[in-house]
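Below: the structure, in structure tokens.
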Amino acid sequence: MKLLTLRLDNGKSTAAVRQDGDTLTEIPGFADVGALLKDPAWEATAKAANGATHPVAGADLAAVVPSPGKIICVGHNYRNHIKEMGREVPEHPTLFAKYAESLIGPNDDLALPQESDTVDWEAELAVVIGKAGRRIPESEAAGHIAGYSVLNDISMRDYQFRTIQWLQGKTWEKSTPFGPALVTKDEFTAGPLMTSAVDGEIQQSTPTSDLVFTPEFLVSYISTIITLNPGDVIATGTPGGVGHAQDPKRYLQEGQVLVTTIEGLGQLTNRVVKEA
């Protein structure tokens with residue numbers, strides 16, 4: 001099942017919807033997928049929904065979970081990216097946070113800030129939590145995952161490396177495309193190819209199974225630290241091919257189009273626009 005958040009009335013409101021082929025069906029009573037996931041019966045509710053319908057073509061989509069309670073990101077979690085950045089394979093996950101203000105829809109413009117000219121791409125597999133839990137055993141972690149989505153952890157490298165703490169380079173306003181859909185875990189298994197392309201030129205291309213720490217391990221590890229709630233997001237890390245590691249270094253420029261794809265989950269298509 002594919003669940004999305006649709007903007008209505010020129011963005012004045014939103015609705016959680018289910019995608020069936022070329023049709024989006026509203027799930028009455030839920031303003032977005034995050035709100036839907038807070039219903040313990042969210043899966044049955046979504047399957048049974050028969051609200052107003054809309055065509056997929058031309059749909060104005062918001063970030064699939066527009067306001068997660070937590071966005072927890074994982075650094076250094078693909079072996080080829082660890083190598084290109086000159087690091088060692090970590091013993092424990094490297095964690096940092098994003099905030100909801102950084103999220104944009106799958107087809108929204110990506111804001112290139114006035115303050116940074118080292119804006120880099122990082123294609124990522126996103127895990128969306130569907131069931132709350134604390135200290136979740138790894139063997140039970142899959143039962144807490146609602147599904148998966150596509151995210152690009154756009155990074156302002158100059159700000160990221162000002163200190164040893166990365167957050168200031170990772171959570172810029174309107175910088176993180178997320179969507180288009182939450183694909184429930186029964187329809188997706190980590191392994192398909194993940195790519196990012198700038199103006200049609202492939203930059204990253206790696207199977208999502210090349211993770212050092214799996215989604216299930218990450219759910220268990222993070223929930224040891226803090227309760228994971230429905231709608232929380234874990235961005236599981238990026239593979240090799242980021243612009244910062246190239247020689248010469250490459251960064252996003254105004255007018256370019258960044259396309260991020262994971263087979264079976266969908267595609268983000270974001271035009272780079274200079275922030276006013």
Side-chain angles (χ1 to χ4, degrees), residues 63-64 71 73-87 94 96-99 101-127 148-161 166-180 192-208 210-211 233-263 265-275:
V64 61
I71 308 168
C73 304
V74 185
H76 299 153
N77 201 25
Y78 279 83
R79 289 172 178 84
N80 56 2
H81 180 54
I82 294 167
K83 181 178 179 181
E84 74 177 359
M85 298 299 277
R87 304 297 182 95
T94 300
F96 58 95
K98 280 184 177 283
Y99 300 105
E101 289 85 352
S102 70
L103 298 179
I104 60 174
N107 302 303
D108 290 348
D109 289 345
L110 194 162
L112 196 66
Q114 302 171 16
E115 296 84 359
S116 177
D117 58 3
T118 60
V119 181
D120 202 355
W121 52 85
E122 291 197 4
E124 306 213 7
L125 172 69
V127 175
Y148 300 89
S149 193
V150 188
L151 183 145
N152 201 306
D153 176 26
I154 299 297
S155 302
M156 286 56 180
R157 298 297 190 189
D158 46 0
Y159 274 76
Q160 179 183 351
F161 296 122
W166 294 351
L167 184 141
Q168 63 183 299
K170 292 287 193 172
T171 191
W172 281 71
E173 192 107 354
K174 297 180 181 179
S175 69
T176 305
F178 178 33
L193 193 66
M194 175 167 60
T195 63
S196 67
V198 178
D199 286 346
E201 182 182 354
I202 296 294
Q203 303 296 325
Q204 297 175 284
S205 181
T206 299
T208 55
D210 192 40
L211 293 164
V233 176
I234 301 172
T236 60
T238 199
V242 300
H244 188 75
Q246 298 183 30
D247 186 14
K249 299 180 189 300
R250 298 180 64 180
Y251 302 110
L252 290 170
Q253 305 296 318
E254 185 175 14
Q256 291 183 321
V257 176
L258 174 66
V259 176
T260 313
T261 306
I262 299 179
E263 294 175 347
L265 294 184
Q267 180 173 288
L268 313 171
T269 302
N270 305 98
R271 185 168 60 101
V272 180
V273 175
K274 194 72 175 179
E275 189 177 44

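Computed from heavy atoms alone, side chains included, the values below leave out hydrogens, waters and symmetry copies.
When atom types are taken as modelled, the side chain of Glu201 and the backbone of Val198 share no donor-acceptor pair closer than 3.5 angstrom. At distances below 3.5 Å, not a single donor-acceptor pair connects side-chain atoms of Ser196 with backbone N or O atoms of Ala123. Distance alone, capped at 3.5 Å, is enough to place a donor-acceptor pair between the Asp199 side chain and the Val257 backbone.
Heavy-atom minimum distance, Glu124 versus Gly237: OE1-N, 2.7 Å. In terms of heavy-atom proximity, Ser155 sits nearest to Gln160 at CB-OE1, 3.8 Å. Between Gly266 and Val150 the shortest heavy-atom distance is O-CG2, 3.7 Å. When all heavy atoms are compared, the tightest approach of Asp120 to Gly243 is OD1-N, 2.8 Å. Pairing each heavy atom of Ala97 with each of Thr171, the nearest pair is O-CB, 4.4 Å. Between Leu268 and Gly179, the closest heavy-atom pair is CD2-O, 3.3 Å.
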TODO: Please step through side-chain contact (heavy atoms from CB on, under 4.5 Å) for the pair Trp172 and Ser102, ending with a clear verdict.
DONE: CA-CA 6 Å; Trp172 281 71; Ser102 70; over 6 Å; no
TODO: Check step by step if salt bridge (Lys or Arg N to Asp or Glu O under 4.0 Å) holds for Lys174 and Asp108.
DONE: CA-CA 9 Å; Lys174 297 180 181 179; Asp108 290 348; over 6 Å; no
TODO: Determine, step by step, whether Arg157 and Lys249 satisfy the side-chain contact (heavy atoms from CB on, under 4.5 Å) criterion, reporting the C-alpha distance in whole Å, the side-chain angles of both residues, the deciding distance to 0.1 Å, and the verdict.
DONE: CA-CA 11 Å; Arg157 298 297 190 189; Lys249 299 180 189 300; over 6 Å; no
- [ ] Apply the test side-chain contact (heavy atoms from CB on, under 4.5 Å) to residues Thr176 and Leu151: give CA-CA distance (whole Å), side-chain angles for both, the deciding distance (0.1 Å), then the verdict.
- [x] CA-CA 7 Å; Thr176 305; Leu151 183 145; 3.8 Å; yes
TODO: Please test Tyr78 against Leu211 for side-chain contact (heavy atoms from CB on, under 4.5 Å), starting from the C-alpha separation and ending with a verdict.
DONE: CA-CA 5 Å; Tyr78 279 83; Leu211 293 164; 3.2 Å; yes
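Each of Thr261, Thr260, Asn107 was evaluated against Gln267; a single residue qualifies, Thr261, per the side chain to side chain donor-acceptor pair (under 3.5 Å) test.
In this structure, the separation between OG1 on Thr238 and CD1 on Ile82 is 11.5 Å, given to the nearest 0.5 Å. Distance check: Tyr251 OH to Ile154 CD1 gives 13.0 Å after rounding to the nearest 0.5 Å. One finds the CD atom of Glu275 at 11.5 Å from the CD atom of Glu254 (value rounded to the nearest 0.5 Å). Between the CG atom of Leu258 and the OG1 atom of Thr269 there is a distance of 8.5 Å, given to the nearest 0.5 Å. In this structure, CG in Leu112 is found 8.5 Å from CG in Asp117, a value given to the nearest 0.5 Å. Distance check, rounded to the nearest 0.5 Å: NZ of Lys98 to OG of Ser175 gives 4.5 Å.
Taking 4.5 Å as the limit, every side-chain heavy atom of Asp210 sits out of range of all side-chain heavy atoms of Pro239. Pro106 is not listed as a side-chain neighbour of Pro177, based on a closest heavy-atom distance of 4.5 Å or more. Between Met194 and Thr206, the closest side-chain pair of non-hydrogen atoms is not below 4.5 Å. Within the 4.5 Å cutoff, the side chain of Tyr159 has no heavy atoms near those of the Lys170 side chain. For the pair Val74 and Thr94, the minimum side-chain heavy-atom distance is 4.5 Å or more. Ile262 has its side chain out of reach of Thr195: every pair of non-hydrogen atoms, C-beta onward, lies at least 4.5 Å apart. No side-chain heavy atom of His244 sits less than 4.5 Å from a side-chain heavy atom of Thr118. At least one side-chain heavy atom of Val127 sits less than 4.5 Å from a side-chain heavy atom of Tyr148.
Within a 6.0 Å radius of OH in Tyr99, other residues, nucleotides and ligands contribute 12 heavy atoms or fewer.
Ring geometry, Phe161 versus Trp166: the interplanar angle exceeds 60°, so the pair is classed perpendicular (tilted spans 30 to 60°).
Using modelled atom types, one finds no donor on one side chain facing an acceptor on the other under 3.5 Å when comparing Gln204 with Glu122.
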